[in-house]
S.K.: 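Structure below; questions to follow.
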Amino acid sequence: MDIFLQQLINGLVLGSVYALVALGYTMVYGILELINFAHGEVTMIGAMVALSVIGALVGHVALPGVVIVAMGVLVAVPVCMLLGFTIERVAYRPLRHAPRLAPLITAIGVSILLQNLAMIIWGREYVKFPPILSSATHQVAGATISDLQIFILVLSLLIMAGLVALVQKTKLGRAMRATAQAPQVAALMGVNVNSVISLTFIIGSAIAAIAGVMVAAYYGLAHYYMGFMLGLKAFTAAVLGGIGNLAGAMLGGLLLGVIESLGAGYIGDITGGFMGSNYQDVFAFFVLILVLVLRPSGLLGEQVGERA
Amino acid sequence: MTSRSDGPILLETRGLSKQFGGLAALHAVSLNIHHGEIFGLIGPNGAGKTTLFNCLTGLYTPSAGEVRLDGQRLNGLKPHTVAKQGLARTFQNIRLFSHMSALENVMVGCHVRTKANVLGAIFRNRGTRDEEAAIRSKAHELLKLVGVDKHAHSLAKHLPYGDQRRLEIARALATEPKLLALDEPAAGMNPAERVALIALIQALRATGIAILLIEHDVKLVMGLCDRVAVLDYGEKIAEGAPEAVQRDPKVIEAYLGGSIGGAIGQPA
């Protein structure tokens with residue numbers, strides 16, 4: 001039972017990070033019907049920038065670890081916001097009225113570009129996250145949960161709640177939903193569609209930056225290639241929940257994290273030791289295949305896409 | 001009927017043309033609409049009425065000619081700035097934000113006249129909250145005006161058809177237009193709904209808004225409009241008081257193919 005609970009906790013923590021990244025995919029898809037494959041790389045850049053700042057501060061300033069990490073995040077977030085804005089402006093907006101395949105290809109292009117850029121700037125080696133955060137753990141009904149896990153989970157849930165409030169309760173959120181449902185009509189009602197689209201990328205990228213730092217802190221390292229797998233998992237989470245649907249991205253993220261964690265925890269027992277927890281990634285893509293075959297619109301997605 | 005056709009000019013199009021490849025959907029159309037006027041635009045299917053609407057509201061870029069609203073040039077402006085200049089429209093095929101409530105649909109229309117920016121949305125300062133409350137009550141009033149307030153919190157897509165058409169009008173009114181362009185507002189309405197619609201249009205005009213009306217129901221147009229223009233194959237073939245236009249041989253020919261004379265009192 002304690003293995004189950006432990007894997008459930010680990011899964012929820014991992015899943016909350018997937019959910020944050022998935023929100024970026026789903027917001028952009030909701031408005032542009034575009035899969036922004038460069039989004040995983042934005043997450044990676046967020047982690048890398050934060051680690052550079054943290055690395056420069058550690059040992060030079062007498063501040064608590066949490067403050068140093070927060071300063072790293074405070075630099076990474078605006079950098080990623082600018083990056084997200086620029087990606088849309090340069091790679092997607094000129095292709096707004098092009099066939100669907102064209103922006104998909106530029107998305108992959110931007111993704112490769114950013115990976116290689118990161119490799120040039122930060123090198124091919126793993127960048128270590130200095131051990132400056134509390135490593136205290138707590139026992140809960142036979143399972144262990146660390147301060148960092150609690151922090152990641154709580155902060156993720158707060159960000160999700162904040163985003164939902166922004167989209168459901170504010171003028172900007174109404175403009176975003178109106179643009180997603182009927183962009184031409186929204187424009188005729190005075191909504192500046194281009195700024196709404198830019199803001200969508202900026203908000204998604206800010207959240208991605210925070211998620212990137214969480215991943216780096218959780219695994220204790222970052223790597224120029226980390227955005228690829230993280231992006232694919234988050235994309236899977238978005239599809240699982242119903243791409244274009246905010247609640248779906250959150251549900252899909254948490255669910256995918258739990259499925260992966262439980263799968264990794266039990267795969268050894270199930271296969272009699274033939275496969276180990278290193279097969280964790282199999283579950284995400286098995287889920288993706290199942291969803292695409294059985295319910296392509298996702299758990300919370302509408303059965304029929306509509307567009308005014 | 002009081003004629004408002006001698007006031008100052010509100011909307012002016014001069015030599016407005018729109019080409020789609022080799023097809024001239026609009027050819028050198030010049031119109032003047034005056035402040036407070038109800039102006040009807042009729043013509044057989046495919047005559048270019050909706051194309052004209054799309055050129056006015058910035059959805060299409062005219063191939064030639066210009067559009068002025070209160071002297072301000074509209075063509076070349078982005079659709080969201082056209083709304084700011086005071087031109088709002090509805091659609092022939094209803095285009096609501098179907099997954100938003102009726103109230104929210106109207107609140108989006110208020111967008112153009114409000115100031116709150118992104119920072120306000122994130123930090124929820126006092127000004128933003130006050131403005132939000134003002135938008136909400138204005139939207140409620142507009143829903144009441146068009147008679148859809150009982151559905152304020154239903155999703156737009158769940159409203160009855162006639163109410164969806166009226167909701168589109170409320171949403172357009174939220175932009176505080178000087179000119180409201182209605183693209184076949186009576187399409188699909190039953191006789192009772194039509195009577196209510198006519199009363200609504202007259203009430204709007206009484207508040208000083210000019211109305212540009214595309215309608216297939218010739219009886220409705222003739223009874224309601226101060227002046228009427230007739231489009232055929234993208235060209236304006238007649239313009240003037242409804243009674244005069246109705247007797248114009250060119251109009252009769254456009255509608256009836258010239259085979260028989262007579263009134264065009266029947267819906268097309």
S.K.: Any chance the side chains of A/S198 and A/R93 put a donor and an acceptor closer than 3.5 Å?
M.R.: yes
S.K.: I need the residue from B/M107, B/K84, B/R89 with the largest number of non-hydrogen atom pairs under 4.5 Å to chain A.
M.R.: B/M107
S.K.: Can you measure from NZ (B/K157) to CD (A/Q181) and round to the nearest 0.5 angstrom?
M.R.: 9.0 Å
S.K.: For B/F20, does the six-membered ring have the charged nitrogen or CZ of B/K18 within the cation-pi criterion, i.e. under 6.0 angstrom from the centroid and within 45° of the normal?
M.R.: yes
S.K.: Under 6.0 Å from the ring centre and within 45 degrees of the ring axis: does the NZ or CZ of A/R89 meet both conditions for the six-membered ring of A/F201?
M.R.: no
S.K.: Pick one of side chain, backbone, both or neither for B/T57, based on which atoms fall under 4.5 Å of a heavy atom in chain A.
M.R.: both
S.K.: Chain B heavy atoms under 4.5 Å from A/A186: which part of the residue, side chain, backbone, both or neither?
M.R.: both
S.K.: Measure the CE-CZ distance between B/M189 and B/R165 for me, rounded to the nearest 0.5 Å.
M.R.: 6.5 Å
S.K.: What part of B/I94 gets closer than 4.5 Å to chain A, counting heavy atoms only: side chain, backbone, both or neither?
M.R.: neither
S.K.: Find the one option among A/G162, A/A178, A/S195 whose heavy-atom pairs under 4.5 Å with chain B are most numerous.
M.R.: A/A178
S.K.: Could you tell me which portion of B/V82 (side chain, backbone, both or neither) has an atom closer than 4.5 angstrom to a non-hydrogen atom of chain A?
M.R.: neither
